[in-house]
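Step one of this worksheet: look at the structure below.
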Amino acid sequence: MIYFAQPHFLLLIFLIPLFFIFYRVARGIRRRRIAKFGDPGLVNRLTPNSSKRKGWVKLTLFSLAFLFFTIGMARPQIGAVLKKKEIKGSEIMVVLDVSNSMLAKDYSPNRLEKAKMALSRLVDGLKGDRIGLIIFAGESFVQLPITSDYVSAKIFLNSITTESVPVQGTAMGEAITTALRSFTSESENSRAVILITDGENHEDNPVEAAREASTVGARIFCIGVGSPEGKPIEIDGQLMKDSAGEIVMTRLDEKTLTEVAQAGGGIYVRAGNGDFGLNRITDAIKEMEDKEFESVVFEEFDEQYVYFFAIALFFLILEFLIGSTRSGKDFFRPVRGVSAILVFLTVSISMSAQDDKKEVRKGNSFFKNGQYSEAEVEYRRALDIDSLSMTAKYNLANALYRENRYEEAAAFLKGLGDSLVCVSPSMASDVYHNAANVALNQKDYQSAVDLYKKSLRLSPDNFDTKSNLAYAQKMLEQQQNQNQQNQQNQQNQQDQQDQQNQQDQQDQQDKQNQQDKQNQQDQQDKQNKDQNQGQNKEKNQDKDRDSQEPKISQETARQMLEAIKDKEKETKEKVAKEKAEQSKRKKKDKNW
């Protein structure tokens, strides 16, 4: 299907019928003027070289030239040039500790944020490698499957907190095992695991897991985060304490991490405040065997305007060669003058139509080198030349996204995918994918899900889009559940308030009734006071005479003994139950 980059020029085609009407009117005016000077038949005999038919032929050739010239100015484009290239690299699975101990402030602002900033710089420097992300604490989860979509990787990375894993603790061995299951089958002998943690393992054997990794062609690289002397853990302005009430001091366990790295055939690096240690590890990864991963990259539309300009030029030259008279004398100089102008314009437009492509290429060069600000300038220049250039808009949106200017990027991507669906489904799929990434970053999960689905309809086999869609759906479900929970909490609070109000009213009524009863009782007691004084005095005297130390019967003593035995048995059962419960919670006692 043909797409026109500048379709407004097609409106000039409507001028072609006017050319014939104008020529017809001009010939009629010419005949009337000749008739004023003499007999038209006599004039025709006096001008035997005049040709009526050639005038129409020349006009038809000129109109055809104008038609193809106009189509060329509209810049017809067919499909898109898609360049397949083989990308060589390794598969890198980043395993990040998100336990509470990563909130310690050995670094600024804390261990976790320092690690995230370093990983963000790592992603910016990747070329050809695939990357995945696993987060772990007491359990481990695949946050991002193996992908070459670095933009998505940074989005997933920025969303990580210590609350991303519900079960606290530190299970390094399980995290390494999860990483091994996440590699693709085609990456054998080109697998790297970057384990970022403080090394305080509470639950399993990470060294054994590292040995298993080396048997399947994966190398374990460890980055120790923290200080050997230890730091307290601050959560919501309060220092974390253990079950004994002591302040928790989380320390870097370099011994364990060194053993893990050695067992996994990698190296151990201690993170510093300046150099986080990733440079040494990436250098070691580059020495690994690279695998080839095929990817398809959109380049640009295939311009077709040159062919239409060539056809227009052919008809113009043909029109030049045909004279308006039988003897070759030219009586249609105005049309030939316009034809000469069009020939000049053809060359000029051909050159100017390439300007925006030149600016786009410059922008692409800056973009590949990570110079996003310079790329933005070139893409905007291209849009100044051709405001409808889809390529310039798409690439500009990507540059703005890399500069973290998400709202501006979304403005350029909005509606762009719909415009490209019929022209280039592959590029439209990429546009939808990137627009979904923007929505995901802005936590508009519903829009992200819809856009990822649109992208998958056009590219059903895109693994990166499928992975991002799964994550967006997960976050959307959490968001909906949170909203429902908030609504339920509000409803519960309202119900509790209503119940409290009803209870308060009932208590007030009961209090009033009790007061009334008390008043009646006081009156009755007052009336009977005099009558009961004598009797009460006599009873008190009898009570004094009979007051002796009470004796316990055998039956009462037996019942008391059985009650003591039952209490002792209940206490033993409670202690046994508590010990069993503590045994179950043994692994999760340390929630940092």
Go through F68 and F314 one step at a time and tell me if the side-chain contact (heavy atoms from CB on, under 4.5 Å) criterion holds. CA-CA 10 Å; F68 287 100; F314 169 77; over 6 Å; no
Distance in Å, [X] [atom1] paired with [Y] [atom2], rounded so as to fall on 0.5 Å steps:
X    : Y    : atom1 : atom2 : answer
S63  : I13  : OG    : CD1   : 12.0 Å
K362 : E374 : NZ    : CD    : 13.0 Å
I131 : L157 : CD1   : CG    : 8.0 Å
Q485 : N481 : CD    : CG    : 8.5 Å
R24  : I29  : CZ    : CD1   : 12.5 Å
R181 : I176 : CZ    : CD1   : 12.0 Å

Show, in sequence, the C-alpha distance, side-chain angles and deciding distance for N486 and Q482, and conclude whether the side chain to side chain donor-acceptor pair (under 3.5 Å) test is met. CA-CA 6 Å; N486 293 338; Q482 184 63 36; 3.1 Å; yes
What I want to check is whether the side chains of E91 and S190 have a donor and an acceptor closer together than 3.5 Å.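 The answer is no; no qualifying pair exists.
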Donor-acceptor pair between Y452 and N437 side chains, under 3.5 angstrom: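 There is such a pair between these side chains.
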Minimum-distance pair of heavy atoms, taken over all atoms of [X] and [Y]:
X    : Y    : value
G132 : I146 : N-CD1, 3.8 Å
Q446 : Q480 : OE1-NE2, 4.2 Å
A65  : A312 : O-CB, 3.3 Å
V360 : A382 : CG2-CB, 3.7 Å
L112 : D97  : CD1-O, 3.8 Å
F367 : A375 : N-CB, 3.8 Å

Identified side-chain contact (heavy atoms from CB on, under 4.5 Å) partner of F69 from the options F308, F309, F315: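 Of the listed residues F308, F309, F315, the side-chain contact (heavy atoms from CB on, under 4.5 Å) partner of F69 is F309.
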Does any N or O in the side chain of S164 come within less than 3.5 Å of the main-chain N or O of I160, such that one atom is a donor and the other an acceptor?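 Answer holds: no.
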Side chain proximity check, [X] to [Y], heavy atoms < 4.5 angstrom:
X    : Y    : value
I196 : L119 : yes
L440 : L451 : no
V165 : F141 : yes
Y150 : L126 : yes
R130 : I92  : no
R191 : V216 : yes
Y394 : D430 : yes
R121 : M117 : yes

Name all residues meeting the salt bridge (Lys or Arg N to Asp or Glu O under 4.0 Å) criterion together with K116; count only those two or more places apart in sequence or in a different chain, and write none if there are none.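 K116 satisfies salt bridge (Lys or Arg N to Asp or Glu O under 4.0 Å) with E113 only.
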Test of understanding: with salt bridge (Lys or Arg N to Asp or Glu O under 4.0 Å), list the residues that count as partners of E408, not counting sequence neighbours. R380, R405
By side chain to side chain contact (heavy atoms under 4.5 Å, CB included) - contacts of [X] (at least two apart):
X    : answer
S429 : S455, L458, S459
D124 : S120, K154
A179 : M93, V95, I134, V193

Can you tell me which residue pairs pass the salt bridge (charged side-chain N to carboxylate O under 4.0 Å, His left out) test with a partner in residues 462-474, sequence neighbours excluded?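 Not a single pair qualifies under salt bridge (charged side-chain N to carboxylate O under 4.0 Å, His left out).
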For T178 and F136, what are the C-alpha separation, side-chain angles and deciding distance, and is it a side-chain contact (heavy atoms from CB on, under 4.5 Å)? CA-CA 10 Å; T178 303; F136 76 96; over 6 Å; no
Run E319 and V57 through side-chain contact (heavy atoms from CB on, under 4.5 Å) and show every step you take. CA-CA 8 Å; E319 191 271 339; V57 172; over 6 Å; no
Suppose we screen for side chain to side chain donor-acceptor pair (under 3.5 Å). Which residues come up paired with [X], at least two apart in sequence or across chains?
X    : value
S373 : E403
N483 : none
S447 : D444
S365 : none

Under the side-chain contact (heavy atoms from CB on, under 4.5 Å) criterion, do M288 and I285 qualify, and how do the steps go? CA-CA 5 Å; M288 297 172 60; I285 292 175; 4.2 Å; yes
In sequence, state the C-alpha distance, the side-chain angles, and the governing distance for F66 and F19, and then conclude on ring-ring contact (aromatic ring centres under 6.0 Å, His included). CA-CA 10 Å; F66 185 83; F19 293 162; 5.2 Å; yes
With F156, which residues qualify under ring-ring contact (aromatic ring centres under 6.0 Å, His included), at least two apart? Y471
Who passes ring-ring contact (aromatic ring centres under 6.0 Å, His included) against F9, sequence neighbours left out?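 For F9 there are no ring-ring contact (aromatic ring centres under 6.0 Å, His included) partners, ignoring immediate neighbours.
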Using a cut-off of 6.0 Å, state whether more than 12 heavy atoms not belonging to Y307 lie near its atom OH. no
After noting the C-alpha distance and the side-chain angles of N364 and Y379, does the key distance pass the side chain to side chain donor-acceptor pair (under 3.5 Å) rule? CA-CA 9 Å; N364 291 343; Y379 293 142; 2.6 Å; yes
So F366 and Y372, ring-ring contact (aromatic ring centres under 6.0 Å, His included) or not? Walk me through it. CA-CA 7 Å; F366 284 124; Y372 304 122; over 10 Å; no
